[in-house]
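Worksheet for the structure shown next.
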Amino acid sequence: MSYQPAIGLEIHVELKTKSKMFCSCLNDPDEKQPNVNICPVCTAQPGTLPVINEEALRKVIKTGLALNCQISKHSQFDRKNYFYPDLPKGYQISQLYRPLCKNGYLEIGGKKVRIREIHLEEDTGKLIHPEGADYSLVDFNRAGIPLMELVTEPDLASAQEARAFAQELHLIMHYLDVSDADMEKGQMRVEVNISLSSGSKLGTKVEIKNLNSFRSVERGVNFEIERQEKLLRAGKKVIQETRGWHDVKEITFSQRAKEEAHDYRYFPEPDLPPLHLAKILVDGIRAEMPELPQKRRARLRREYGIEENNVEILIYHKDLGEYFEKIISEFPARLAPEKLLRLVKLAANYLISDLQGLLKGSSIKDKNFLISPDNFADFIGLIERGDISSKIAKVVLEEMLKSGADPSHIIREKGLAQITNEKEIEQAVQEVIAKNPKAIEDYKNGKQNALQFLIGQAMAQTRGKADPAILTKIIRSAII
Ligand code: ADP
Ligand code: ZN
Ligand code: MG
């Protein structure tokens, strides 16, 4: 008998807004000082009233549109009541009855994963438990930060699919600029629900919390599939419960059973008006929608024939991808297709390996990134024509990064132009031959490596500037 996993995700994402969800406190995820971004509203002082953050609303709608959801014409906020010391009001303002977005989907590997809903709520504060102390501390900076929750149907069938879904969603958040969704900072939190079944009816599900990386999503799901399968094969039952994830031991462990589940006594939030989302508002948000990763991916493949690994890198590093396309648009129109293809390929390679290496993690969006797409295109043109070797190209690129100057200028200024003068190259070759009698003997004894070695030495002798074709020709004729 084989068991089919069914996996559904519940994903919380902190939205990138200037202020909090219901007050004007700063929404600053980097704030290190506790309890500075707080006010009477987000600390629940008596007599205060919430006001809806329009920007947060727009960002959820934007996400809903990107994920093919229906945007509700009528929506509302509801109170979710429970007691916990990081929740000053004793309830969280959330949405149960009429969430902002419903019935969407996201395609993962050609399969439509249905999205049940996306709703808007507020985050809680944070508790800190100093080691050895008999008290806990609470930080309300996070209390009231706009939080979006997305719930999928149990359509995912493997750990890899669950991970791919979370990663693609993360990328979409980034493209939409709705959240930085940094999982390490808790800006994106994934809970997975898993069950196994052998027939058409879904089995009993288990929920895993505290998965704070894509890797732990994948490992957590795999662990749980194995654990449940063992139970079922032994004729035992899976009990419905919430399990935690132990990041070091890489195991799930029981946290609370279904019987202990909360009754949240939801009811419509009386302090906020119901929302009527006009078509004109939704259409306006739709009109601002950027090109999304899936569309761009398909376009990069179709229009430029870039190899798969590089496509993913240009998609993942959105700024780099956009810069890449600006460079391509600088190549002269009406080039022979093969030549254009060569230029495109070189541009992708130089951006991804060389430039990314030189940037050392800083972004091309930084103010001190000085290379214009025009100059980068010229640089690629010089390489493609063979005007500079790959060795000189590295030096030129480094200079371009430092000064922003155009490559021809740098080549002239620094004396990096290619040496095509045969006499000059001949001289370098003779010096290398004189110094390496052993290599010449090896070559004569049929060792091809020796030729490569000598070419390398002679190239170094000209500081990488010799025209490689001329250099090779001269060496060959000199040592025969
Ligand atoms: P609950 O009422 O326990 O919160 P929901 O029906 O609201 O359960 O679903 C919560 C999440 O669990 C959703 O992501 C959903 O896709 C997933 N889910 C529901 N039932 C199952 C199941 N049998 N197996 C796997 N995932 C499930
Ligand atoms: Zn506040
Ligand atoms: Mg539920």
Side-chain angles (χ1 to χ4, degrees), residues 3-12 17-28 31 34-45 48-53 56 80 87-89 93-97 99 102-106 112-119 122-125 139-146 149-159 161-162 165-166 169 189-209 211 217 220-221 224-225 228-229 232 237-243 256-264 266:
Y3 295 101
Q4 295 310 312
I7 302 158
L9 305 179
E10 295 167 284
I11 302 181
H12 284 91
T17 53
K18 216 163 121 198
S19 55
K20 289 190 181 180
M21 188 59 228
F22 299 113
C23 61
S24 56
C25 287
L26 268 192
N27 170 7
D28 181 1
E31 181 54 64
N35 296 311
V36 287
N37 297 323
I38 59 171
C39 75
V41 176
C42 55
T43 55
Q45 305 306 310
T48 57
L49 286 171
V51 177
I52 298 170
N53 181 335
K80 181 180 181 178
L87 188 73
K89 289 196 291 289
I93 304 180
S94 178
Q95 299 193 296
L96 176 72
Y97 302 109
K102 282 183 296 199
N103 304 329
Y105 65 86
L106 173 59
K112 276 186 185 169
V113 177
R114 289 169 299 161
I115 291 163
R116 184 184 296 173
E117 65 164 76
I118 310 175
H119 67 251
E122 55 178 336
D123 212 344
T124 60
D139 177 5
F140 288 125
N141 283 342
R142 199 180 70 175
I145 282 180
E149 179 175 352
L150 176 151
V151 184
T152 78
E153 295 296 341
D155 289 347
L156 297 152
S158 69
E161 272 185 21
F165 183 96
L169 183 71
R189 314 195 281 262
V190 180
E191 289 157 25
V192 301
N193 297 271
I194 310 161
S195 66
L196 292 187
S197 71
S198 51
S200 55
K201 205 170 147 284
L202 291 178
T204 306
K205 77 174 159 77
V206 165
E207 183 187 32
I208 318 178
K209 285 186 184 289
L211 297 162
V217 168
V221 171
E224 196 53 30
I225 290 174
Q228 292 184 19
E229 190 166 344
L232 295 172
K237 279 204 169 107
V238 172
I239 44 169
Q240 186 169 344
E241 61 181 349
T242 299
R243 297 178 72 88
R256 87 173 124 80
K258 176 76 178 170
E259 299 79 64
E260 300 159 47
H262 286 111
D263 172 6
Y264 294 115
Y266 274 99

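Counting starts at 1 for both ligands and their atoms, following the listed order.
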Open item on the list: Under the salt bridge (Lys or Arg N to Asp or Glu O under 4.0 Å) definition, can you give me all pairs with a residue in residues 193-205, not counting sequence neighbours?
Closed with: none
TODO: Determine which pairs satisfy salt bridge (Lys or Arg N to Asp or Glu O under 4.0 Å) with at least one residue from residues 189-199, sequence neighbours left out, and list them in order.
DONE: E14-R189, D123-R189, E191-K209
Open item on the list: Within the structure, is a non-hydrogen atom of R116 found at a distance of less than 4.0 Å from ligand 1?
Closed with: yes
Determine the minimum heavy-atom distance between [X] and [Y], stating which atoms define it.
| X | Y | value |
| --- | --- | --- |
| M21 | A56 | SD-CB, 3.6 Å |
| K112 | D155 | O-OD2, 4.1 Å |
| A257 | E241 | CA-CB, 4.0 Å |
| V151 | E10 | CG1-CG, 4.1 Å |
| E224 | I208 | CB-CD1, 3.9 Å |

TODO: Can you figure out which of D155, T152, N193 has its heavy atom closest to atom 15 (C) of ligand 1?
DONE: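 Among D155, T152, N193, the closest heavy atom to atom 15 (C) of ligand 1 belongs to T152.
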- [ ] Check each of E10, E153, R114 against atom 10 (C) of ligand 1 and report the one with the nearest heavy atom.
- [x] E10
Task: Partner of P154 under side chain to side chain contact (heavy atoms under 4.5 Å, CB included), chosen from L202, I7, I194 - done: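 Result: among L202, I7, I194, L202 is the only option passing the side chain to side chain contact (heavy atoms under 4.5 Å, CB included) with P154.
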Open item on the list: Any nitrogen or oxygen of I194 lying under 3.5 Å from a nitrogen or oxygen in ligand 1? Just yes or no.
Closed with: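 Min N/O separation from ligand 1 is not below 3.5 Å for I194.
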Could you tell me which atoms of ligand 1, counted from 1 in the order shown, lie closer than 4.0 angstrom to a heavy atom of [X]?
| X | answer |
| --- | --- |
| A6 | 24 (N), 25 (C) |
| G203 | 23 (N) |
| P154 | 16 (O), 25 (C), 26 (N), 27 (C) |
| V151 | 13 (C), 14 (O) |
| L9 | 14 (O) |

- [ ] Report the protein N/O/S neighbours of the Zn ion (ligand 2) that fall below 2.8 Å; do not count waters.
- [x]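 You should have found C23 SG, C25 SG, C39 SG, C42 SG.
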Task: ligand 1 versus T204: contacting region, heavy-atom distance under 4.0 Å - done: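 Neither part.
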- [ ] Would you indicate whether the side-chain heavy atoms of Y105 and V113 approach each other to under 4.5 Å?
- [x]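 Side chain of V113 against side chain of Y105, heavy atoms only: no contact under 4.5 Å found.
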- [ ] Using the test ring pair (Phe, Tyr, Trp, His ring centres under 6.0 Å), find all partners of F165 that sit at least two apart in sequence or belong to another chain.
- [x]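 Partners of F165 under the ring pair (Phe, Tyr, Trp, His ring centres under 6.0 Å) test: none.
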TODO: Please check if any side-chain donor atom of T204 sits under 3.5 Å from a side-chain acceptor atom of Q240, or the reverse.
DONE: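 No, Q240 and T204 have no side-chain donor paired with an acceptor closer than 3.5 Å.
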